[in-house]
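Notes follow the structure.
First the proteins, then the strands, lettered A, B, ... as listed; each starts at 1. Quick caveat, the model's predicted, so the values are computed rather than measured.
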Amino acid sequence: MVYFQFAIKMIPSVLMIVSPILIAAAGGMICERSGILNIALEGLMTIGAMTAAVSHILLETKTGFSIPLALLIAAVSGGLFSLIHAFTCVTLRANQIISGTGINLLSNGLTVFVCQLIFRMDRSMNYRMGMRQGLFGIYPTIIIALVILAAVWFLMYKRPWGLRLRAAGEHPQALVCAGVSVNKIRYIAVLLSGLFAGLAGACIVLTQDIQFTVNTVNGKGFIALAAVSFGRRFPLGILGSGFLFGIFSSLAVNIINIEGMQFIPSEVFNMLPFLITLLILIVFGGKSQNTLGKVITRAYASPKPKVIR
Amino acid sequence: LTNRTYKRKRQNLNNAGELELSFRINDMFTASSWTASVIAVILGFLTATLFLRAIGRNPSGMYQALLQVVSGFDSRRGTWNARYVGEWLVVSIPLILCALSMGFAVRSGLFNIGAEGQYIAGVTAAQITAIFFPPVPVLHLAAAVCAAMLAGAVWGGITGFLKARYRVSEVVAAIMLNYIALYLHRIITMRIPGSSTFRTVDFPVTASLSSSALAYLTNGSRLNYGLWFAAAAVVIYRIIMEKTALGFSLRAVGFNREAAQHAGIRVKLNITAAMMIAGAFAGLAGACVSLGVFSYGRILSSFDNYGFDGIAAALCGNCTGAGIAVTGLLFGMLKSAQPLMQARQIPGEITSIIMALVVVFLSLRSVIQMFAEWRMKRLRIKEVS
């Protein structure tokens, strides 16, 4: 009974933690389905969190719409940065892991650098008021997350473009034969993942924090990456894995408040998402998508109509 | 053909794409010349300079800070202090070792993004051995360093084994193992009697790597015997890679997995071995930091980022022993100049931006390749017509 009450009390906090993971994972899934591995999710989320915090602080006193504006600006800046990844990976066919690592490193430096310029310290100022809670103390971010996930599902499975997206990852050559540009689809996929990652970062900073620090995102991007792997790159799978990981993260914070459970270190719950994903990778490892992370040669990637005489 | 060999043949065919990837990794980072790295570094510095100029700061402060780190000479006050040089080397030691870890994997056609996790495994093992091993001079220290290397090797070996046996992508597996290492480190280290939430009890003096001679030479810096470990590691890296049968087979696997298999090299064993040796380098980095710089065991709350910066250093250094030594010192210089830049009204994070830009510019290396392909095509068209 005590545990049941506690579970009820934990729901708002779980939903708060789950929503950014779901948003970022939805973007990561689109990206991986198109054949590009985006390990820069963490960095893009950091950039989104920084831009959201900065724009919210600067606009807070001037307009009542500063939170939606901050979310929008964060999404756009995340998208802009993801274009670096798209350009190096798709156009220049560079290694996706290196490009992703580069963006992660860049975001760590750049975000603190901007804070140094604007606030003259290694973090942002505190804002007066973050996002307001709705009914039952639940943040509206979960609605954004569920809408995005539903939209992504619709796009991927009910629209022709979704079929092309999946083909770009599974069999790009077939797509070339059908006369569709693989590069264009991959560009859009990476851009979408950047937009969503930026939005997710904004959701984290506006709901879970009162300022931006370099530790605001703190591995949530990699949890999202794990959620994509654990959910086997299906929208429903991601919904499940996102909620599971959110519950673990919430337990990591709240375990000290549960009677009789204090003997479990909170780190166990922090670790579980990664451990479970690793085990799932071992079980399904060999059956993973074949073209993911592989570079396809230019001859296949950009179909130019050749006139046969 | 039995069913099993038939299946294996099919698998090999599926691996063709993977083979192309590993070939390209090698092609891009080992076969190419020094020029690309030098150009990337220069472009990185140039962009940072323009960037500082654009936001209205004086970029000369950045170069003064870098000069002070390398030579110890403070151009503002006109004083000389060797301590800065010592601190530069202190930062470079783990960076070089983590870069060697990454480089070793790349030469074998793998990508070791897990140096961070292996580093933490090394830190944990070194700290536990330092606290619980009987304080016998020399033996105590040797045990702690060996334990750290072993722990790193095991942690890297897991990644390699999963790759070889279950075909799990080493990148995703290593990311997961990084975080597992961090939280496992916290769980284990906080159980040591006398630990608070951020540190353990002090080590016995016999476990310390600190050297009074080196500290005296550099005017009381934290420079320690780890310097010799790093230097030895660079030499050993070169010897293993270039002069031994093991290194040859590793490089063969890196160049062409298929051909190596047909030549009778045991590819799966080699992948695991490569990741184990890579992990041992990162584990040694953990020992150098925890035993050399600190006199107590730390309980990390987040990554130290040596592993991730090491990736940048390895890629920039073309994954050769000498190259990694140079870029490790270069990136160590950037890292240790951060507080000095802060004092000159330049945000210290500009150094992280330079490092990241170097990596991004390096990935533009394929532009050159594309240009070559384009020229070939043009030539072919000319020949036909």
field: Test item: side-chain donor near acceptor, A:Asn108 and B:Ser352, under 3.5 Å
entry: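 No, B:Ser352 and A:Asn108 have no side-chain donor paired with an acceptor closer than 3.5 Å.
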field: Polar contact flag, side-chain donor to acceptor under 3.5 angstrom, B:Glu170-B:Thr159
entry: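 No donor-acceptor contact under 3.5 Å links the two side chains.
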Heavy-atom contact with chain B under 4.5 Å, split by part of A:Ile39: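 For A:Ile39, side-chain heavy atoms alone lie under 4.5 Å from chain B.
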- request: Please state whether the side chain, the backbone, both or neither of A:Ile223 comes within less than 4.5 Å of a heavy atom of chain B.
  value: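 Nothing of A:Ile223, per the 4.5 Å heavy-atom cut-off to chain B.
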Among the listed options [options], the residue most often paired with chain A at heavy-atom distances under 4.5 Å:
options                                : answer
B:Ile350, B:Val359, B:Ile353, B:Val358 : B:Ile353
B:Ile354, B:Leu162, B:Leu182           : B:Leu162
B:Ile187, B:Val360, B:Ile311           : B:Ile187

query: Honestly, is B:Lys268 close enough over B:Phe161, meaning NZ or CZ under 6.0 Å from the six-membered ring centre and within 45° of the axis?
result: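 No cation-pi geometry.
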- prompt: So, is the end of the B:Arg57 side chain (NZ or CZ) under 6.0 Å from the ring centre of B:Phe51 and within 45° of the ring's axis?
  reply: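 No, cation not above the ring by the 6.0 Å, 45° rule.
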- prompt: Looking at A:Thr277, A:Thr101, A:Leu117, which one has more heavy-atom pairs under 4.5 Å with chain B than the rest?
  reply: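 Option with the greatest count: A:Leu117.
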Donor-acceptor contact below 3.5 Å, side chain A:Glu32 vs main chain A:Val228: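 A pair under 3.5 Å: no.
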- prompt: What part of B:Ala312 lies closer than 4.5 angstrom to a heavy atom of chain A: side chain, backbone, both or neither?
  reply: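 The side chain, not the backbone.
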message: Heavy-atom cut-off 4.5 Å, strictly under: side chain, backbone, both or neither for B:Arg191 against chain A?
response: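 The answer is the side chain of B:Arg191.
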message: Taking B:Arg298 first and then B:Asp304, would you say they form a salt bridge - that is, a charged N and a carboxylate O separated by under 4.0 Å?
response: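 Yes, charged N to carboxylate O under 4.0 Å.
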